[in-house]
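Working notes for the structure below.
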There are 2 protein chains.
Amino acid sequence: MSQVKQTKRTTIYDLAELAGTSASAVSAVLNGNWKKRRISSQLAEKIMRIAEEQGYALNMQASLLRREKSHIIGMIVPKYDNRYFGSIVETFEDMARARGLFPIITCTRRDPQLEVEAARTMLSYQVECLIATGATDPDRITEMCAAAGVRSLNLDLPGALAPSVISDNFAGARELTRRILRNSEQRLGKMEPLLFIGGRGSDHNTAERIRGFREAHADLGVAVHEENILACGYAPEKAEKALDERALVGQTLPRGMFVNSTISLEGVMRWIRRSGHLDDRSLVLGCFDWDPFVTLLGNGIEMVRQDVPGMLSKVFELIESGADKPVVIQVPPLIPEAQEA
Amino acid sequence: MSQVKQTKRTTIYDLAELAGTSASAVSAVLNGNWKKRRISSQLAEKIMRIAEEQGYALNMQASLLRREKSHIIGMIVPKYDNRYFGSIVETFEDMARARGLFPIITCTRRDPQLEVEAARTMLSYQVECLIATGATDPDRITEMCAAAGVRSLNLDLPGALAPSVISDNFAGARELTRRILRNSEQRLGKMEPLLFIGGRGSDHNTAERIRGFREAHADLGVAVHEENILACGYAPEKAEKALDERALVGQTLPRGMFVNSTISLEGVMRWIRRSGHLDDRSLVLGCFDWDPFVTLLGNGIEMVRQDVPGMLSKVFELIESGADKPVVIQVPPLIPEAQEA
DNA sequence: CTAGATTGCTCAATCGATGAAGCAAGAATT
DNA sequence: AATTCTTGCTTCATCGATTGAGCAATCTAG
């Protein structure tokens with residue numbers, strides 16, 4: 001601060017000169033293995049004091065270039081703007097740091113091109129392991145990592161080539177569907193088939209959730225029509241549009257809905273509001289994902305909360321165990337106590 | 001992929017050997033200035049083909065060590081789990097990439113210790129610029145950066161030593177307060193003083209918002225009591241607890257509330273629900289921050305949406321202009337059209 | 001036919017940190 | 001007193017990419 005505007009940053013050579021010693025001694029002292037290298041504690045203290053005074057900061061690039069392990073762990077994630085991914089990212093950072101790893105995270109907006117570029121960049125930064133969260137093409141990423149001799153793992157959406165940690169979408173969706181159907185029976189007096197809305201029919205999670213959705217209906221002896229399954233994509237506008245179109249088909253819309261993410265729920269709520277059903281207590285909703293304000297929305301929306309800490313614990317277990325066979329680990333989601341309708 | 005499990009990653013020397021050329025030619029070709037270095041396009045193509053085949057990825061550590069500029073830009077952010085910071089982070093990544101910079105972001109949980117550590121780590125990674133978002137001690141970070149000859153900027157909360165980009169908290173809060181008071185008059189027939197809840201009295205933003213809150217009351221001739229200002233911290237539990245304590249004081253709580261963030265709003269909503277006021281249409285709320293589901297909460301909650309793209313544009317303008325005088329740039333927040341009550 | 005320019009490359013130093021190998025001086029052992 | 005051990009350092013090669021300097025071959029101009 002009081003120093004002159006320096007263009008060059010302080011290096012161990014500068015410190016060595018100031019301390020009247022060698023760069024190698026400085027290095028040993030500053031990275032903590034000076035005892036192993038038999039540096040006297042007097043010199044160690046002197047060097048540490050000078051480093052402190054000079055505001056020395058390690059040049060990580062130089063250090064990493066020389067070392068065999070980078071201790072960097074990468075994650076790509078589709079979006080930051082919902083509680084599920086926000087929580088994944090925050091928990092991931094925390095757990096990584098707790099293990100002495102440096103997390104780098106990048107958001108790829110569900111864009112396959114960006115995913116590949118991000119993965120390549122992370123490989124350039126010498127990540128030791130790359131977690132592909134909700135990737136559109138996880139196997140592509142696994143291949144890139146494998147070619148560079150780097151481990152990879154899938155989170156949220158499974159891949160065929162690397163270990164995957166995902167929610168138990170089938171069981172979660174089945175239980176959620178059951179609850180919506182039960183609420184629906186209570187409030188409407190009869191059990192009607194629900195509408196499934198949101199997600200991509202082509203992604204594993206959506207497919208599994210639809211399977212759970214069907215099975216819950218079947219268990220309770222309710223038939224599901226094909227036209228009640230709207231895997232229209234995740235974006236709010238897509239859900240909104242899909243409901244408009246489905247409403248145009250003529251028959252009345254189901255009163256009960258299984259919404260496949262909070263993102264889609266935004267669109268559904270906008271539609272509900274626009275169509276004047278906001279205070280309609282006969283609408284019975286459930287959502288596969290959790291958000292604190294949705295709880296308070298008042299329609300007694302059932303929610304499934306994916307077990308983010310549980311999933312990330314599994315991720316780090318896999319990393320630490322060194323496993324890289326393409327297993328799929330399913331973590332049961334948490335289903336909070338039913339909301340009062 | 002079909003290669004043998006390689007411990008060593010492919011380097012330009014490997015490529016050079018495969019192509020029967022020198023590492024320096026490979027380097028020139030792969031970083032795009034082979035024309036400048038008069039490499040024939042035949043050789044260039046050959047090298048690029050081989051690099052592709054081998055799945056070569058640059059070693060960024062080596063590259064950055066040699067180059068003068070890292071093109072890395074860092075950001076520290078308090079939390080990921082609300083729309084405001086989620087949006088900041090996502091927009092920041094986008095804008096950084098659009099400018100050819102590599103963004104690294106880390107979450108410091110409003111922990112001063114973590115902030116300093118994160119800043120030091122970022123400096124080690126040779127960031128060219130560090131954005132301290134909502135930092136508890138921005139000036140400490142600016143000092144650390146200055147000592148390393150690195151630029152820094154403050155976002156969301158201002159500092160005294162580096163340029164800062166923040167919301168116009170005063171004007172935003174004044175307008176929000178006016179709206180809540182107006183709604184309150186409409187719904188209750190009279191204009192009562194509001195309760196201010198959430199935030200830290202010691203932070204600049206909260207102080208400015210309280211100033212706007214007071215001014216709006218004064219403008220409309222309403223007196224504000226000191227006990228109606230609860231800067232109890234940001235966490236939901238703190239807001240909840242503060243309301244409990246305030247309710248114990250004996251007098252009735254105000255029917256109108258200015259909530260100082262969506263985070264605090266979570267606690268307020270929990271309290272409202274717990275105390276059986278969830279459907280109480282006489283409660284009149286406003287929140288300084290935006291969330292899509294809050295809009296739908298139905299009590300006609302007024303919201304101020306901070307202009308994240310606007311703020312980040314200013315941030316990058318400052319970076320590009322090279323300014324480092326400690327100015328404070330205030331960006332007006334967006335106040336959506338009033339919700340129907 | 002030759003001086004000079006141009007083309008297309010290679011060589012080698014360099015960035016900053018690391019750690020194996022080595023060396024000098026003093027302590028301990030025989 | 002001679003030998004070995006220990007302590008406390010220093011020297012130097014190395015990690016992979018970059019780039020100024022340089023060199024041989026070919027082309028052009030006179």
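Lettering of chains follows the sequences in order, A, B, ..., and the numbering in each one begins at 1. What you see is a predicted model, and the numbers here were worked out from it, not measured in a lab.
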Considering only residues two or more places apart or on different chains, which pairs with a residue in residues 59-82 of chain A satisfy ring pair (Phe, Tyr, Trp, His ring centres under 6.0 Å)?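 Sorted result for residues 59-82 of chain A: A/Tyr80-B/Tyr80.
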
Name all pairs fulfilling the ring pair (Phe, Tyr, Trp, His ring centres under 6.0 Å) condition that reach into residues 104-138 of chain A, sequence neighbours left out, sorted by first residue then second.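 Listed by first then second residue: A/Tyr125-B/Phe102.
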
Mind calculating the distance between [atom1] ([X]) and [atom2] ([N]) to the nearest angstrom?
X       : N      : atom1 : atom2 : result
B/Asn33 : C/dG8  : CG    : C1'   : 15 Å
A/Gln42 : D/dT7  : CD    : C1'   : 12 Å
A/Met60 : C/dA17 : CE    : P     : 11 Å
B/Ile39 : D/dT18 : CD1   : C1'   : 13 Å
A/Trp34 : C/dG19 : CH2   : C1'   : 18 Å
B/Lys36 : C/dC9  : NZ    : C1'   : 17 Å
B/Lys46 : C/dC9  : NZ    : P     : 10 Å
A/Glu68 : D/dC15 : CD    : P     : 13 Å

Minimum heavy-atom separation for A/Met75 to A/Met122, with atom names?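 A/Met75 and A/Met122 have their closest heavy atoms at O-CE, 3.6 Å.
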
Where do A/Gln54 and A/Thr10 come nearest, in terms of heavy atoms and distance?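 Closest approach of A/Gln54 to A/Thr10: O-OG1, 3.9 Å.
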
Do B/Leu58 and B/Ser63 make a side-chain contact, defined as non-hydrogen atoms from C-beta onward lying under 4.5 Å apart?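 In contact.
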
Are any of [X]'s side-chain N or O atoms less than 4.0 Å away from OP1 or OP2 of [N]?
X       : N      : value
B/Ser27 : D/dT18 : yes
B/Asn31 : D/dT18 : yes
A/Thr21 : D/dC9  : no

Sugar-phosphate, base or nothing in reach of [X], heavy atoms under 4.0 Å:
X       : answer
A/Ser40 : sugar-phosphate
B/Leu43 : sugar-phosphate
A/Leu30 : nothing

Mind checking what makes side-chain hydrogen bond (donor to acceptor under 3.5 Å, both in side chains) contact with B/Asn154, not counting sequence neighbours?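 Scan of B/Asn154 (side-chain hydrogen bond (donor to acceptor under 3.5 Å, both in side chains), adjacent residues dropped) gives B/Ser164.
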
Which atoms of nucleotides 13-16 of chain C (N or O only) lie under 3.5 Å from a protein N or O atom, and what are those distances?
residue: C/dT14; atom: O2; partner: B/Arg66; partner atom: NE; Å: 3.0
residue: C/dT14; atom: O2; partner: B/Arg66; partner atom: NH1; Å: 3.3
residue: C/dG16; atom: N2; partner: A/Ala62; partner atom: O; Å: 3.2

Does a distance-only test, which skips hydrogens and angles, find a donor-acceptor pair under 3.5 Å between the side chain of B/Arg37 and the base of C/dT7?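 Counting by modelled atom types and ignoring angles, no donor-acceptor contact under 3.5 Å is found here.
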
At less than 3.5 Å, do the side-chain atoms of A/Ser24 and the base atoms of D/dT11 form a donor-acceptor pair?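 For A/Ser24, whose side chain was compared with the base of D/dT11, there is a donor-acceptor pair (under 3.5 Å).
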
N-O pairing of [X] and [Y] below 4.0 Å:
X        : Y        : answer
B/Arg9   : B/Asp14  : no
A/Glu93  : A/Arg97  : yes
B/Glu115 : B/Arg140 : no

Polar atom pairs (N or O), protein with nucleotides 4-6 of chain D, under 3.5 Å:
none

Would you mind listing every side chain to side chain donor-acceptor pair (under 3.5 Å) that reaches into residues 307-316 of chain B, with sequence neighbours excluded?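 Listed once each, the pairs would be none.
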
